[in-house]
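Since the structure comes first, as structure tokens, the remarks are kept for the end.
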Amino acid sequence: MFQIKNLTVKIADKIILNNLNLDLEEGKIHALMGQNGTGKSTLCRVIMHDPDYEIAKGEINYQDKDLTKMATTDIARAGIFMLSQSPVAIEGVTNAEMLRTVLSEKSKEPVNIFQFNKKMETICDHLDLPHDFIHRNINLGMSGGERKKNELLHLWMLEPQVILIDEIDSGLDVDALRIVADSLKEYYRKFKPTILIITHHNKLLELIKPDSVYVMKDGQIVATGDYALAEKIENEGFKAFTINGLGNNE
Ligand code: ADP
Ligand code: MG
């Protein structure tokens, strides 16, 4: 249902994703692991069609549409949501303003302010965020961990069906990691979205058991497995993986 086919992506003439193929099964949790600099964040940004990246070849198909031919806004409208590795601050726009605008565009009618505030407060409580986050500028002056939670606030309000989660665990203390993992698990139970979790640590995957695990190296998928593959990486690192698959010790 979400199919990435022969995707080659360049930036400044350097190939970052190299003929990458990946299928995400509807309503399942997929983990993508790999060392720094293998192209994991690039893949997320390209799915959202960041114009900085040149798509040399390939397709990203979702619900009969090729996302490589769509604008980022339309990709978001189609229900694809990215939790960024480093969420950017947007000065001058509050969480409430952005979310109310998006929700009223989605439902084609004005948002009921009372219900909106109630829902925002409930989600803030659930994420252990103070209620004043509702009217804070998006991510502005927030710590790394608060930004990640702030993005989860957006997730719960917008209810997307496909979620790309780029290293949400980086920069989180243990308590915040648990809150974030519990929140994602609850969201999954409630909405059964298709999820792609990017991480190079096993801790998050211990908390949210993925249905399948992929290893990326040099812009390609070099291994596929179930949760046991993540445990193997935790014990042995990424050294065993080569472009042609697992190394000799498999
Ligand atoms: P990962 O998320 O797996 O750590 P990235 O996707 O961030 O890796 O980066 C993959 C490679 O592409 C790295 O070598 C990185 O320096 C390069 N790259 C990514 N985005 C850009 C960019 N905007 N400009 C230049 N190089 C980039
Ligand atoms: Mg990254």
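In each ligand, atom 1 is the first atom listed, and ligand 1 is the first ligand listed.
- Closest heavy-atom contact between Asp166 and Ser41: OD2-OG, 2.6 Å.
- Within the coordination shell of the Mg ion (ligand 2), defined by N, O or S atoms under 2.8 Å, Asn36 is absent.
- We find that Glu146 and Lys149 are not joined by a salt bridge, their nearest charged nitrogen and carboxylate oxygen being 4.0 Å or further apart.
- For atom 14 (O) of ligand 1, the closest heavy atom belonging to the protein is Lys14 NZ, 3.2 Å.
- If you check which protein heavy atom lies closest to atom 5 (P) of ligand 1, you get Thr42 OG1, 3.7 Å.
- Checking Thr68 against His49 by side-chain atom types alone, no donor-acceptor pair falls below 3.5 Å.
- Shown here, atom 16 (O) of ligand 1 is out of close reach of the protein: none of its heavy atoms lies under 4.0 Å off.
- Contacts between Ile11 and ligand 1 below 4.0 angstrom, taking non-hydrogen atoms only, involve the side chain exclusively.
- At least one test fails for Lys118 against the ring of Phe116: distance under 6.0 Å to the centre or angle within 45° of the axis.
- Looking only at heavy atoms of the protein, atom 8 (O) of ligand 1 is closest to Gly39 N, 3.2 Å.
- Salt bridge present: Glu159 and Lys119 bring a charged side-chain N and a carboxylate O closer than 4.0 Å.
- Taking 2.8 Å as the criterion, Ser41 counts as a coordinating residue of the Mg ion (ligand 2), since one of its N, O or S atoms falls below it.
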